[in-house]
Amino acid sequence: MREPSPPADPIIGIDLGTTNSLVAYCFEAGPRVLALTDGTRLLPSAVRYERGVAVAVGADARGRAVEYPLDTVLSSKRLMGRSFAESAAVLGESQCRVVAGIRGLAAFEAGGTTVLPQEAAAEVLRALKRAAQESLGTEVGRAVITVPAYFDLGQREATRDAARLAGIEAVRIVNEPTAAALAYGIGGRRSAQTIAVYDFGGGTFDISILKVIPGDASGAGDLFEVVATAGDTRLGGDDIDSALASELLRTAETAARTAGRSLIPSPRSMQAIRDFAESTKIALSTAESVNIEIDLDGVTLAQTVTRAELERLAAPLVARTIAACGRAIRDSQGIAIDRVVMVGGSTRMPLVCAAVREKFGVEPYTALDPDCVVALGAAVQGAVLEGRRRDVLLLDVIPLSLGIETIGGGVAKLIHRNSSIPTSAREMFSTSVDNQTSVKVHVLQGEREMVADCRSLARFELRGLPAMPAGIPQIEVDFLVDANGVLCVDAIERRSGCRAGVQVVPTYGLTSDEIERMDRAGVEHARVDMHRHRVADLCVHSSLDAKWIREALSRVAADLDGPYREELDTALAEVQRFVGAAQASADAVDADAFQRSKERMDRLSMRLHELAITKSLKSIATAKGTSTP
């Protein structure tokens, strides 16, 4: 039976994948992956650029990659939103040269031109858009596009840029594991449950833990709430292919040396060996062994590859995914997992299923094609945004904490990791120097307590402040993260109304090494970090309190009795010693003793401040010709 015609300006769902991409639409009967012009559903995320020839996208580009290795861009998603300096560690299977593009971004040199990853991705998106328009019989200009859960702000913005280049408005950016949960239709059950979505794709890995709460009789839809997420944006099926390709190349080089020859494989041979590695990996998901024969520039490699050999090479990579699962479980407070759903082509490997089964203690759920579930879920979210479906509510999270730098090099976290988005936070700050007329706001991302250990996202300046004593200005800082994970920061000085702000769109994204380091270090160094942060705060507040005490002393020193003045001077000196010691080495300072010393100084100074205030009032009254009571 033919599906009803979609509404005008429909919202499609797109899974922009590292290896393959798909487009889907949610009809009244449910979501369905749309067929491409050749009748297939998977569009290889491959783009070929030849001089004087139209750009080739999809199966044609992928199928002739060995013929045109230097002109075919593969796995461009792995370089989205990354700098050229980061590119060496994240290259996929593409043989074309990677160069520095505009503003230091990683780019491909193909067909005599320089191509940004966003531009290659835009070609894939255009092909998906054309297929959707042909299938639906209407113009398409809006889409829900999925990204790995651990894509940072820069990578998400690069995805939006690719959509804009393709003439598509990305109305929502949704995390891939969350979209997969929607596609599995788990919300149709009568009881609440907790699920883990294990997403091992071609270029990235994500693990998300969600609470699924079914709707009720009042008409409330099913609630999909992400409680924790972890992942690795440098880990995917491409890496397994690379490991096997490297092993095959070493075998070929050994065979060549035995025959008295040297082997320096050409780009065509390198692409051929990667293609064989990929097809062998896929075949070994169901077979115990595969016979391969490759001609590498005159050296023939004939070999039988067994599943056990492949699993030996893949085991360290799979272990990294299980380690990320452990982090997500810890972040979710060890909540019991009712089901684990498998997403991504790499989950077809028996080794992966066995590792997941052992880690979670439940049988992995693979009811739907793991290649299609993300696109189907994106289509469901598209129907929600169209207003045609009200039976689901999606609450996603941010992967790393967000905050600003404070005096002393500490980080004040305003929004903590795994907070549901959209979300906002507001904190009050002040100045530390008298007569400041501007304040620099430094926005950071990470789990550590000190600026040096976190990732800088943006800086802006709040200017035009009226000159006031330190600690008097009231600076209100607002963080707002929208449903797409875009961060906006505003700062306003409430007394004067001065305002400044920024939409945080970093040029480069976080590397997975940095993310892993932040995650690991946030746990390993939590006690030390909290100590350093506490000592830094004590230094700032003690110095400010001491300044006010000295100012009061300058006005009423003659009115103080000797023993009190001596006791106050001793307390001031003791606090100053703590400040000096902390500046030399915060780790060597006893924070509790520092706190007690500051509190003693503050208590002693109360009498001083009372005398200073009384004297000031008398001076004002005398100047006005009146008397105080």
Side-chain angles (χ1 to χ4, degrees), residues 17-20 40-42 44-46 58-70 72 74-75 91-95 200-203 235-319 321 342 344-356 364 366 369-371:
T18 304
T19 306
N20 295 297
T40 62
R41 297 189 300 174
L42 292 178
S45 300
D60 179 36
R62 186 67 186 85
R64 302 179 69 183
V66 173
E67 186 179 350
Y68 297 97
L70 301 180
T72 305
L74 303 171
S75 301
L91 289 179
E93 57 182 279
S94 188
Q95 294 300 309
F200 197 7
L235 177 60
D238 276 4
D239 299 290
I240 298 176
D241 299 342
S242 294
L244 180 55
S246 296
E247 185 78 0
L248 294 175
L249 182 59
R250 283 192 291 270
T251 302
E253 288 171 340
T254 300
R257 284 195 299 271
T258 301
R261 298 182 55 184
S262 62
L263 175 61
I264 304 176
S266 65
R268 287 191 177 191
S269 292
M270 288 302 300
Q271 187 60 55
I273 202 168
R274 286 202 62 106
D275 285 356
F276 270 96
E278 181 183 6
S279 60
T280 299
K281 177 193 68 177
I282 294 171
L284 289 174
S285 292
T286 54
E288 291 295 331
S289 63
V290 174
N291 296 320
I292 62 172
E293 186 172 327
I294 316 172
D295 181 5
L296 301 175
D297 300 315
V299 175
T300 300
L301 173 63
Q303 184 178 345
T304 298
V305 180
T306 66
R307 181 186 293 176
E309 290 172 321
L310 174 65
E311 291 183 343
R312 174 180 59 81
L313 296 171
L317 301 171
V318 175
T321 73
M342 306 292 276
S346 300
T347 61
R348 291 189 173 91
M349 293 181 64
L351 172 67
V352 172
C353 290
V356 170
T366 56
D369 185 342
D371 287 322

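Bear in mind that the values here come from a model prediction, so they are computed numbers and not experimental data. Residues: numbered from 1 along the sequence shown.
Taking all atoms of both residues into account, the shortest heavy-atom contact from Leu74 to Ala46 is CD2-CB, 3.3 Å. The minimum heavy-atom distance between Ser269 and Asp295, with the atom names listed, is OG-O, 4.4 Å. Across all non-hydrogen atoms, the minimal contact from Thr18 to Ser45 is O-CB, 3.6 Å. Contact between Asp238 and Arg274 at its shortest, heavy atoms only, is O-NH2, 3.2 Å. Nearest approach of Leu284 to Pro350, heavy atoms of both residues: O-CD, 4.5 Å. Contact between Pro267 and Pro69 at its shortest, heavy atoms only, is O-CB, 3.7 Å.
Taking CD of Glu278 as the start and CZ of Arg62 as the end, the distance is 5.0 Å to the nearest 0.5 Å. Atom CG of Leu351 is separated from atom OG of Ser285 by 10.0 Å, given to the nearest 0.5 angstrom. For the atom pair CD1 of Ile240 and CZ of Phe200, the computed distance is 4.0 Å after rounding to the nearest 0.5 Å. Atom CD of Glu293 is separated from atom OG1 of Thr304 by 11.0 Å, given to the nearest 0.5 angstrom. Residue Ile273 holds its CD1 atom at 5.0 Å from CD1 of Ile294, rounded to the nearest 0.5 Å. Here CD of Glu247 is found 7.5 Å from CD of Gln303. Values are rounded to the nearest 0.5 Å.
Here Glu311 does not pair with Lys281 in a salt bridge; the nearest charged N to carboxylate O distance is not below 4.0 Å. Ionic pairing of Arg261 and Glu253 is not present here: no N-O contact between side-chain nitrogen and carboxylate oxygen is shorter than 4.0 angstrom.
Between Leu310 and Thr280 the shortest side-chain heavy-atom distance does not fall below 4.5 Å. Under the 4.5 Å side-chain criterion, counting only non-hydrogen atoms from C-beta, Phe276 is not in contact with Leu244. Two residues are said to be in side-chain contact when any heavy atoms from C-beta on lie closer than 4.5 Å; Arg307 and Ser289 fail this criterion. Between Leu248 and Ile292 the shortest side-chain heavy-atom distance falls below 4.5 Å.
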>> Checking Asp371 against Asn20 for the side chain to side chain contact (heavy atoms under 4.5 Å, CB included) test, could you report, in this order, the C-alpha distance in whole Å, the side-chain angles of both residues, the deciding distance, and whether it holds?
In response: CA-CA 8 Å; Asp371 287 322; Asn20 295 297; 5.5 Å; no

>> Before you tell me yes or no, could you show the steps for Thr306 and Glu288 under side chain to side chain contact (heavy atoms under 4.5 Å, CB included), namely the whole-Å CA-CA distance, both residues' side-chain angles and the distance that decides it to 0.1 Å?
In response: CA-CA 6 Å; Thr306 66; Glu288 291 295 331; over 6 Å; no

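More than 12 heavy-atom neighbours from other residues, nucleotides or ligands sit within 6.0 angstrom of CZ on Arg348.
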